[in-house]
Enquirer: 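First, the structure itself, so that you have it in front of you.
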Amino acid sequence: MALPKTKQKKNITISKTEFNTISEFIFTFEQSENHLVCPVQKTSRLNVKHSIDASEKDIIKNMVRTAINSLTKEEQMNLVKISSCSFYFSEYPKDIKSKLQTAFNWFDSKWYFHIDQRTEIENEIIKENPVIARNIYRFIG
């Protein structure tokens, strides 16, 4: 008897080549007279597919990239922070669960887009799409 090629859990899908993550993203945007009107915050729940052999860094980049692509161009230009909360960890097999926990702990599920707060992930994503955080400069706390 052959095993199924895709394993469907209650909320996630895992195949020989890919798996998905389901996360709630909270986007925070810059507000000032110099920028066009956009919301201060916005939330979105996204289902993101990943290669089964993706590294922790690849998983995070894919999640952040997918989240940003759900925004309008104006929102992308004024993006200052993304926070996320991922769900259904108990449904993943040990190897994927371990990889996800390492990835989320590494980045604390937060990404900052002020020039002086960016990490390697934010910088790489901005290089791919220079519209992101175009209107954002230094953090003034």
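In this text the structure is predicted, and so the values were computed from the model without any measurement.
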Enquirer: Under the side chain to side chain donor-acceptor pair (under 3.5 Å) rule, collect the residues that match up with K57, sequence neighbours excluded.
Expert: E120, E124
Enquirer: Under the salt bridge (Lys or Arg N to Asp or Glu O under 4.0 Å) rule, collect the residues that match up with R65, sequence neighbours excluded.
Expert: E128
Enquirer: Can you tell which of V80, I82, L79 makes a side chain to side chain contact (heavy atoms under 4.5 Å, CB included) with T28?
Expert: V80
Enquirer: How long is the straight-line distance from CE of M63 back to OG of S84, given to the nearest 0.5 Å?
Expert: 4.5 Å
Enquirer: Measuring from atom CH2 of W111 to atom CD1 of I68, what distance do you get when rounded to the nearest 0.5 angstrom?
Expert: 9.5 Å
Enquirer: Taking side chain as C-beta onward, heavy atoms only, is F25 less than 4.5 Å from K42?
Expert: no
Enquirer: What residues, two or more places apart in sequence or in another chain, satisfy side chain to side chain donor-acceptor pair (under 3.5 Å) together with S86?
Expert: S23
Enquirer: Would you check, one step at a time, whether the test side chain to side chain donor-acceptor pair (under 3.5 Å) holds for Q76 with N129?
Expert: CA-CA 10 Å; Q76 290 178 8; N129 181 359; 3.3 Å; yes
Enquirer: Linking I/L/V/M/F/W/Y whenever any side-chain heavy atoms sit under 4.5 Å apart, do L46 and Y88 land together?
Expert: yes
Enquirer: Closest heavy-atom contact between S70 and F27?
Expert: OG-CZ, 3.9 Å
Enquirer: Can the positive tip of R134 be found less than 6.0 Å from the middle of the six-membered ring of F113, inside 45° of the ring normal?
Expert: no
Enquirer: Could you pull out all donor-acceptor pairs under 3.5 Å where a side-chain atom in residues 96-104 meets a protein atom, sequence neighbours excluded?
Expert:
| unit_1 | atom_1 | unit_2 | atom_2 | d |
| --- | --- | --- | --- | --- |
| K99 | NZ | A54 | O | 2.7 |
| T102 | OG1 | S98 | O | 3.0 |

Enquirer: Cut-off 3.5 Å, side chains only: do E30 and N135 have a donor facing an acceptor?
Expert: no
Enquirer: Holding to side-chain contact (heavy atoms from CB on, under 4.5 Å), I want the full list of residues that pass it with I26, two or more places apart in sequence or in another chain.
Expert: Q41, T43, S83
Enquirer: Between I125 and K61, what is the shortest heavy-atom contact and its length?
Expert: CD1-O, 3.9 Å
Enquirer: Check for a donor-acceptor pair, side chain of N20 on one end and backbone N or O of T13 on the other, with a separation under 3.5 Å.
Expert: yes
Enquirer: With side chains defined as the heavy atoms from C-beta onward, is the minimum distance between V40 and F29 less than 4.5 Å?
Expert: no
Enquirer: Show which residues join V131 in its hydrophobic cluster (side-chain heavy-atom contacts under 4.5 Å, direct or indirect), or state none.
Expert: M77
Enquirer: Where is the tightest heavy-atom contact between I14 and P93, given as atom of each residue plus distance?
Expert: CD1-CD, 3.2 Å
Enquirer: Scan residues 63-85 for pairs that pass ring pair (Phe, Tyr, Trp, His ring centres under 6.0 Å), counting only residues two or more places apart or in two chains.
Expert: none
Enquirer: Please name all residues satisfying side chain to side chain donor-acceptor pair (under 3.5 Å) with D58, sequence neighbours left out, ordered by chain then number.
Expert: S55
Enquirer: Under the rule for salt bridge (Lys or Arg N to Asp or Glu O under 4.0 Å), what residues qualify as partners of K49, not counting sequence neighbours?
Expert: E18
Enquirer: Could you work out, with side chain to side chain donor-acceptor pair (under 3.5 Å) as the rule, every residue matching T119, not counting sequence neighbours?
Expert: E122
Enquirer: Judged by atom type as modelled, is there a donor-acceptor pair below 3.5 Å linking the side chain of E75 to the main-chain atoms of T72?
Expert: yes
Enquirer: With sequence neighbours excluded, tell me which residues meet salt bridge (Lys or Arg N to Asp or Glu O under 4.0 Å) with D53.
Expert: none
Enquirer: Linking I/L/V/M/F/W/Y whenever their side-chain heavy atoms sit closer than 4.5 Å, directly or via other members, would I60 and I126 fall into one cluster?
Expert: yes
Enquirer: Using the rule side chain to side chain contact (heavy atoms under 4.5 Å, CB included), only one of N47, V48, N62 pairs with T21; which is it?
Expert: V48
Enquirer: Can you pull out every ring pair (Phe, Tyr, Trp, His ring centres under 6.0 Å) where at least one residue sits in residues 50-76? Sequence neighbours excluded, please.
Expert: F19-H50
